**Student:** 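If you scroll down you'll find the structure; I have some questions about it.
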Amino acid sequence: MLRFVLKRLVSLWLSLVVASVVIFLFVEVVPGDPAAYMLGMNAQEDTLNALREQLGLNGSLLERYLSWVGGMLRGDFGTSYTYRTPVSEMIGERMWISLPLAVFALALSTLIAFPAGIWAASKRGSIADVSVMSLTQLGVAIPNFWFAMLMVLLFAVNLRWFSAGGFAGWDVGFLPAMKSLTLPAVALALPQASILARVMRSSLLDTLGEDYIRTARAKGLSRRQALWKHALRNALIPVLTIIGLQFSFLMAGAIIIENVFFLPGLGRLVFQSISARDLIVVESVVMLLVFAVILVNFLVDVAYALVDPRLRVRS
Amino acid sequence: MNRALIIGAVLSGAFALAALISFVWVPYDVTGVDIANRLKAPSLGHLFGTDHFGRDIFSMIMVGARTSIAVAVVAVGIGMLIGIPLGLAAAARKGSLLDELIMRGNDLVFAFPSLLIAIMITAVFGASAVNAIVAIGIFNIPVFARLVRGAALSLWTKDYVLAARVSGKGAARISFEHILPNVTNLLIVQGTIQFSLGILAEAGLSYVGLGAQPPTPSWGRMLAESQTMFSFAPHLAIFPGLAILLTVLGLNLMGDGLRDVLDPRLRRARR
Amino acid sequence: MKFMTKLSTVSALAMTVASGALAAGDMTVALQLEPPHLDPTSAAAGAIDSVLYANVFEGLTRFTSDGSIIPGLAKSWEISEDGLTYTFMLAEGVTFHDGTTMDAEDVKFSLDRARAEDSANAQKALYAGITSVDVVDPLTVKLTLAEPNGSMLFNLAWGDAVIVAPESIEGIKQQPVGTGAFKFGSWVQGDSITLEKNDAYWGTPAVLDNVTFKFISDPSAAFAAVMAEDVDVFSGYPAPENVPQFEADARFQVLIVDTEGETILSTNNKMPPFDNVMVRKAMSHAIDRQAIIDGAMFGLGTPIGTHFAPHHPDYVDLTAGSNYDPELAKKMLAEAGYADGFKTTLKLPPPSYARRGGEIIAAQLREVGIEAEISNLEWAQWLEQVFKGKDFGLTIVSHTEPMDIGIYARPDYYFQYDKPEFQALNTSLEAEADPAKRKELAVAMQKMIAEDAVNGYLFQLAVPTIAKAGVVGLWESAPTQATDMTAVHWKE
């Protein structure tokens, strides 16, 4: 077991190193000079140079890579070129929008998907099953930004139940803050809930077909009892895997929705930083997101290995 | 008879047909600008109305179908072309350094936030349909590599593969002659699903302005451009949105249907 | 249905409570762009001035809404006979927001900083002609110029020449300390900046207690925010197509604000075939300005025939010289040797006037045989490729600096117009102080660039400002990028 964990740890570090090099090189070749962007059309060459010097853009490639990575290891993500504040502070601030939004969306999607999936599975072939499955087909196919536009038009512009976007801020109170995250969370949750409901249903049906369930049924358990007592627990494993994947997707993948609702979250921060050529922010946020995903993968692998010893010899 | 397959095929077939017809004929020119005729509601002359430049939305959706389909097809193609050999190689050399490299590489690509990478690619190379294809294509590679590796691993233990090995065939030859043909069903099903995801991704990218450039119509950009006029000219956003929805829906239904038809194991489990 | 009514009452209640919490003297103003930082003297970003100019920072002179120059921190000034010495008398009792006094030393510090060797001031060139800044006494400053400069008072009114203090310069990018009627409150990056009333202001105090600037760049988000009444004012509203809706809605008032933005089809004068004046003239006849104004700006904007603001007293209307006449354009192209047209690039920056205008222009050029391939760029890419790299055939951009015809005298400027006669005219204009002679020169310059069809002159950019019906005192034209809130208040 220890050997397995060690092996995975080495591979985790290697992945991180490769990822950091890829990100750094990628960001470095992005054309466009941050200093030119900041000073605009009438800037003179000597002014530009002075600013580049201030920003530390004149060092060699290797120097800059090492200082970036070295800083990150100490928890120092550098200073934003444009905002002139520590990147870690900016990330921390945006995190308080992206993280609750992802959790909110995930909670919504789970709350919708679990009952829907279980219901559909327990009534397989019925009208209920068919309609739930058709709705999930629609949910997967609808572009979420389009759905978001429709919701804004209805709930913000016409009915004025919700504000059209922006973030009220946590200092105004929990409820107003959650209210401003509601429409975005619904827009994000819809496709996720649809996927999750489908996975829930098929995973349940798969386990219901397993031998031990048949044995249980043969021993006199009703289909319902078999489902709740035995099948559900086992069917949860693939469902939880999907939830894990969706969470990391939601952290980074909310860019478009954050744009529709002009929420100052992490995705929007990267999007804006790319157009402002605030490269240090781009590098650091992307690296952080990649790190989070790699770490989650690692933890999931280890957890599986703990549960199921056969997996340790995998790969 | 598989109902999902039929509905799916009809829906996606309709859009494919519209895309094909648009090569030879569209009701109106989609690159011309006719300001005097802008923002006209749907009518017999313009089935879906006209947009803010006076262009016919029906024609734009036809040509837009072309853009969407082309981007998604090529992106899936890239994923298959690179992903399948990688998956076959990893399975053939199971447990080797090569396998480990390919699998870790897959994990690494999966770890990157796809939309952010797409945005970065377009920041480097500029926004265009080609770069949208590359951005979507890259994330298709690990999907196919993983799928093929998983399926191929179990095939390698089959008797006929063992027989081929005994007869002295090399790993590469076995992979292409015996393994690949047996995973095509899986590939067709996954390909359909990736195709629909590709359409959605293209719509998302061109919605944020990173897809095909004007004057080439694209559904995502039509939605983006209509956003501010939505409240007084809803037809501008309704039709492109529906086009995306129906195409993706059609492809998903087709994928589900194909899986049921092509994969007897799953069919048993589902019944 | 009943449930729905109940729900909406609840949310209406929540709304009242929320707005009731704000004092009557607060206002939320939306702007498109968020400032990158808060130092107007070391960045070109107009967004910084949009928040801080006149509100937090003041210069020796300042713009009023009609574009004229009035005293700011300098209550009066004297100009020597030869035009080389400017003596400014400063207002008394002015303090910075941190309590330190504003005196001649601060003026010297600010101007020396702007023109210094290592200065990061984006308009450094405007102050390069100053040879020395001398403190005469605490309330008197003397500027000495190398050559007479008729625009010096004007240049000093720019946001780039506001007076800052050496005591607070260190933190200016995050904590700006100025002398204005508002002081900096807080900044939620990515969202908003709040200014508070300065109770110790030296001049006429502001009416409002707090002003919150909210940053909303997305046009559809802007529409939703105004409609949902999340903001009280949207200055520089990004989607002109919504103006009729706001005009029809009694909750709102619409101001169409003239700006200094000459919106032009910039042409690379050094790149064939645009080095041929005949080709450029042909293009100017291929473009239908009114269609562009209608199609891209939904009717907002004044057609221009040269690079000069129509509201400026020295403006001449030269649009007739480049009237829309595609047949003539084709004929001229044929004469120039391009009967079959040619291919070129059209690189477009993000604003919608450029993106939409570009699509229309490409369609119009296609009518006369010119195939302009569109590529949409972000600002950083545009600056790199077009502005710095000069790698473009055509581009569309609005030149928002006031009175900037002088850019045509810079042969290395991105559109690369190089004509000694024009440069000579510009040199005379810069040195000339007499209004009548200045007008004569300005007119000659306008005519010359129109004759040469240096660029395609499209329209003077006008931007709508949408405000709630009760808002009074907003600027009705924008001679410089600013959102002057010092006199704005709610109707009684």
Side-chain angles (χ1 to χ4, degrees), chain A residues 11 14-15 18-19 22-23 26-27 29-32 124-125 133 137-138 140-147 149-150 152-153 157-158 191 198 202 205-206 208-209 245 248-249 251-256 259-260 267 270-271 274-275 277 282 285-286 289-297 313 315, chain B residues 3-4 7-8 90 94-95 99-100 103-105 107-108 110-117 119-126 193 196-197 199-200 203-205 207-208 219-220 223-224 226-227 230-231 234 237-238 240-242 244-253 256 266 268-271:
Chain A
S11 127
L14 278 178
S15 302
V18 175
V22 170
I23 292 170
F26 208 95
V27 168
V29 294
V30 171
R124 181 161 50 136
M133 283 302 102
Q137 283 286 12
L138 273 180
V140 176
I142 200 166
N144 62 4
F145 54 91
W146 187 56
F147 183 61
M149 280 164 67
L150 296 175
V152 169
L153 190 69
V157 175
N158 286 331
R198 298 179 73 82
S202 65
L205 290 182
D206 281 350
L208 281 175
L245 278 176
S248 48
F249 167 80
M251 283 297 290
I255 306 180
I256 295 187
N259 261 317
V260 174
V270 182
F271 196 71
I274 290 176
S275 38
R277 292 298 180 268
V282 181
V285 179
V286 175
L289 290 171
V290 170
F291 174 69
V293 176
I294 292 181
L295 188 69
V296 168
N297 284 346
V313 286
S315 76
Chain B
R3 211 173 342 147
I7 300 176
K94 186 191 163 211
D99 182 24
E100 183 72 10
M103 292 319 286
R104 291 295 140 245
D107 288 350
L108 199 62
F110 267 135
F112 278 87
S114 53
L115 192 61
L116 285 183
I117 299 306
I119 292 170
M120 276 161 77
I121 288 179
T122 50
V124 176
F125 303 105
I193 290 165
S196 85
L197 289 176
I199 301 249
L200 266 183
L205 282 182
Y207 172 79
V208 286
W219 294 343
L223 280 182
S226 70
Q227 247 181 317
F230 195 18
S231 51
I238 301 277
L242 279 180
I244 300 171
L245 174 64
L246 293 178
T247 313
V248 175
L249 183 65
L251 286 167
N252 284 343
L253 286 174
D256 281 5
L266 276 172
R268 186 165 39 81
R270 278 178 182 231
R271 256 196 209 132

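Values in this document were obtained by computation on a predicted structure and should not be read as measured data.
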**Student:** Does A/Ile23 reach the side chain of B/Phe112, with side-chain heavy atoms less than 4.5 Å apart?
**Tutor:**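 Yes, their side chains come closer than 4.5 Å.
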**Student:** Are A/Phe26 and B/Ile121 side-chain neighbours, meaning at least one heavy-atom pair lies under 4.5 Å?
**Tutor:**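 Sidechains of B/Ile121 and A/Phe26: in contact.
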**Student:** For B/Tyr207 versus A/Met149, what's the shortest heavy-atom pair and its separation?
**Tutor:**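 Where B/Tyr207 meets A/Met149 most closely, the heavy atoms are CE1-SD, 4.3 Å.
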**Student:** Donor-acceptor pair, distance only, cut-off 3.5 Å: does the side chain of A/Trp146 make one with the backbone of B/Ile238?
**Tutor:**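 Looks like no, no N/O pair under 3.5 Å.
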**Student:** Exactly one of B/Leu200, B/Leu242, B/Leu245 should register a side chain to side chain contact (heavy atoms under 4.5 Å, CB included) with A/Ile142. Which one does?
**Tutor:**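 Going through B/Leu200, B/Leu242, B/Leu245 one by one, the side chain to side chain contact (heavy atoms under 4.5 Å, CB included) with A/Ile142 is satisfied by B/Leu245 alone.
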**Student:** Where on B/Leu249 is there a heavy atom nearer than 4.5 Å to chain A: the side chain, the backbone, both, or neither?
**Tutor:**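 Both backbone and side chain.
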**Student:** Given A/Leu153 and B/Phe230, is the side chain to side chain contact (heavy atoms under 4.5 Å, CB included) satisfied, shown in steps?
**Tutor:** CA-CA 8 Å; A/Leu153 190 69; B/Phe230 195 18; 3.9 Å; yes
**Student:** Sort A/Val22 into side chain, backbone, both or neither according to what part of it lies under 4.5 angstrom from a heavy atom of chain B.
**Tutor:**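 Side chain only.
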**Student:** Is there a side-chain contact between A/Gln137 and B/Asp256, using heavy atoms and a 4.5 Å cut-off?
**Tutor:**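 Yes - at least one pair of side-chain heavy atoms lies under 4.5 Å apart.
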**Student:** Compare all side-chain heavy atoms of A/Phe145 with those of B/Val208 and state whether any distance is below 4.5 angstrom.
**Tutor:**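 A side-chain contact is absent here, since even the closest heavy-atom pair is not under 4.5 Å.
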**Student:** Which bit of B/Ala224 is near chain A, if near means a heavy-atom gap under 4.5 Å: side chain, backbone, both or neither?
**Tutor:**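 Contact with chain A involves no heavy atom of B/Ala224 at all.
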**Student:** Quick one: pull up CG in A/Leu138 and CG in B/Asn252 and give me the separation to the nearest 0.5 Å.
**Tutor:**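 Going from the CG atom of A/Leu138 to the CG atom of B/Asn252 covers 10.5 Å.
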**Student:** Under the rule for side chain to side chain donor-acceptor pair (under 3.5 Å), what residues qualify as partners of B/Ser231, not counting sequence neighbours?
**Tutor:**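 For B/Ser231 the side chain to side chain donor-acceptor pair (under 3.5 Å) partners, ignoring immediate neighbours, are C/Gln245.
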**Student:** Restricting to non-hydrogen atoms, name the atom on B/Leu108 and the atom on A/Ala19 that form the minimum distance, rounded to 0.1 Å.
**Tutor:**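 Scanning both residues, the minimum pair turns out to be CD1-CB, 4.1 Å.
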**Student:** With chain B as the partner, which of A/Ala292, A/Gly125, A/Ser15 has the greatest number of non-hydrogen pairs under 4.5 Å?
**Tutor:**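 Max contact count across the listed options: A/Ser15.
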**Student:** Name the region of B/Leu251, side chain, backbone, both or neither, that has any atom closer than 4.5 Å to a heavy atom of chain A.
**Tutor:**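 Neither the backbone nor the side chain of B/Leu251 comes within 4.5 Å of chain A.
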**Student:** Is A/Val152 in contact with chain B via its backbone, its side chain, both, or neither, using a 4.5 Å heavy-atom distance?
**Tutor:**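 No part of it gets close to chain B.
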**Student:** Quick one: what part of B/Ile199 sits under 4.5 Å from any heavy atom of chain A, side chain, backbone, both or neither?
**Tutor:**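 For B/Ile199, neither part sits under 4.5 Å from chain A.
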**Student:** I'd like to know which of B/Ile244, B/Leu197, B/Leu223 tops the heavy-atom pair count under 4.5 Å against chain A.
**Tutor:**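 Winner by heavy-atom pair count: B/Leu223.
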